[in-house]
There are 2 protein chains.
Amino acid sequence: MTQFDWTERFAGTAALPAAVRRRLTATARVIHVKHGDQVFGSMNVPESLFFLYDGRIRVSQSSDSGREIVLYRIEAGDSCVLTTACILAEEAYNAEGIAETDVTAIVLPKLAFDRLAAEEDAFRNFVFAAYSRRLIDLLRVVDDVAFGRIDVRLAERLLMLGDGLKEIRKTHQELASELGTAREVISRVLNDFHKRELISQSRGIITFTNKPGLAAIAHSA
Amino acid sequence: MTQFDWTERFAGTAALPAAVRRRLTATARVIHVKHGDQVFGSMNVPESLFFLYDGRIRVSQSSDSGREIVLYRIEAGDSCVLTTACILAEEAYNAEGIAETDVTAIVLPKLAFDRLAAEEDAFRNFVFAAYSRRLIDLLRVVDDVAFGRIDVRLAERLLMLGDGLKEIRKTHQELASELGTAREVISRVLNDFHKRELISQSRGIITFTNKPGLAAIAHSA
DNA sequence: CGCCTTCAGTGACATTGTCACTTAAGGCAT
DNA sequence: ATGCCTTAAGTGACAATGTCACTGAAGGCG
């Protein structure tokens, strides 16, 4: 494999001295995961830190009864602290990360991570910031699930998923898994949206017909 | 104020060299908060890290509509990373910390924190571990709220709050705020528990009459 | 004792979740 | 093209939870 310089991609490594960066590119492994495959999960806990070089990962949690909820998404340039957290806390967890696109990630051995966190302020702050973002993300999820109305949440999510697009290719089941609810509930609400001429539907596809209308619902709480 | 040595109380500082510990006790402030008072909140964001020396803090989030949910509790010896997270992420948040007992906390200026995190492995790991625990706590909250039944959650929470006790002094409203639901819902479920002779009630007090029975409900999902 | 505040109970209703189905759409093999 | 098969979506009945607008009850205190 070519030793390409991924360090410029991350806020925590871009500003490091050239020597340190060379050491990193030599130590870390680069992995590729195909769209749709699991990046990590309860059966597959990486022993190391990892950083998302390219692509997007969807992190979700699933219940015993088979329902599922999306916690947040990891974008290129960010690090995935959840696996780290679980290693540190030595706790089982039922969250998993799925590659939403083809993914290129950097896997940094724990030892190298520790050394870097100790020696480089920029890197350490980057990691703290990554933890913080996830904590804030989860606060938001809790707020939504505990206090939000399902129609508002769905409208929000549709707009988020369809940002800049005319349609979304997702099944009702997939949308239900986004919000941690049941497919039937999504079907009902989408039907309502359809009756109000905010969207139109066909198998596996939702087409926007009135984004401002959806936005009004999304912001009505 | 007496410069008492709080450093022995924390996993992240107990093992530090004596010189470092002296520097810390000189730099950090010790604060006291009375039972029931707010330790931090949206109007009151501490600019510094803080560590809980003694007492217990309840961290909760509240909705616009006035409902509230307890996220987790901070016990003596732990650090409070949420405020740190919010500083780092530069995000508004609507979580607040309330002293559940009289509280003694150590407030460490950001500068001292950074230096310590850079220089001392034990301290840095302690902070990472604290972040991790909170992340895991929140995963649990999301799981409960999104997928859990209210009777199961209430039974669990009653047992947790009443651990080792014969009764709990909490109003229905307070229990509702623990779980992020409405008072009426708690009243209904408690009534049901009463009919099944698991508890007995009087104004502001819930008395256990059958803890194993409650435990059975708590573990039935 | 009566007043007042806070806590708890109640019934009607809305929203959301669950269950057990049916119906429809599209892919694929013959 | 035709029928088969898998997956997606619709439906109605019901259960669980949340909301609203009240009423009633308990305890503190003048």
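To find a chain, count down the sequence lines: A is the first, B the second, and so on, and within it residues start at 1. Hydrogens, waters and symmetry mates are skipped; everything else that's a heavy atom, side chains included, is used.
- Each of dG17(C), dA8(C), dA25(C) was ranked by its minimum atom distance to the side chain of R203(A); first place goes to dA25(C).
- Between Q201(A) atom CD and dT23(C) atom P the separation is 20 Å, expressed in whole Å.
- Looking only at side-chain heavy atoms (C-beta outward), K170(A) and R157(A) stay at 4.5 Å or farther from each other.
- Atom CD1 in I186(A) sits about 17 Å away from atom C1' in dT11(D), given to the nearest Å.
- Regarding R169(B), its CZ atom lies at a distance of 12 Å from the P atom of dA8(C), rounded to whole Å.
- Residue-to-nucleotide proximity on DNA chain C shows that, of R183(A) and G180(A), the 5′-proximal contact is made by G180(A).
- Rounded to whole angstrom, the span from the CG atom of L154(B) across to the P atom of dA16(D) amounts to 16 Å.
- An OP1 or OP2 oxygen of dG9(C) is reached within less than 4.0 angstrom by a side-chain nitrogen or oxygen of H172(B).
- The nearest whole Å value for the distance from the CG atom in L175(A) to the P atom in dG17(C) is 14 Å.
- For R188(B) and dG11(C), a side-chain-to-base donor-acceptor distance below 3.5 Å is absent, hydrogens and geometry of angles not being considered.
- For R67(A), the CZ atom counts as densely surrounded, since its 6.0 Å shell holds more than 12 non-hydrogen atoms of other residues, nucleotides or ligands.
- The base of dG17(C) lies outside donor-acceptor range of the side chain of R67(A), with no N or O pair under 3.5 Å.
- Residue contacts shown for R149(B) are limited to sugar-phosphate atoms, with no base heavy atom under 4.0 Å away.
- Note: CD (E68(B)) to C1' (dG18(D)) measures 17 Å, nearest angstrom.
- Atom pair I150(B):CD1 and dT16(C):P shows a separation of 16 Å (rounding to whole Å applied).
- When ring centroids are compared, F123(A) and F10(A) stay outside the 6.0 Å threshold.
- In this structure, I199(B) places its CD1 atom 11 Å from P of dA8(C), rounding to the nearest Å.
- Regarding contacts with the backbone of dG10(D), a side-chain N or O of S187(A) is found under 4.0 angstrom from either OP1 or OP2.
- Interface remark: the E184(B) side chain does form a donor-acceptor pair with the dC20(D) base, using a distance-only criterion of under 3.5 Å.
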Inset, instruction - In sequence, state the C-alpha distance, the side-chain angles, and the governing distance for I150(A) and R153(A), and then conclude on side chain to side chain contact (heavy atoms under 4.5 Å, CB included). - result: CA-CA 5 Å; I150(A) 198 71; R153(A) 294 175 58 212; 3.8 Å; yes

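- Annotation: cation-pi pair R9(A)/Y53(A) present, NZ/CZ under 6.0 Å from the ring centroid and within 45° of its normal.
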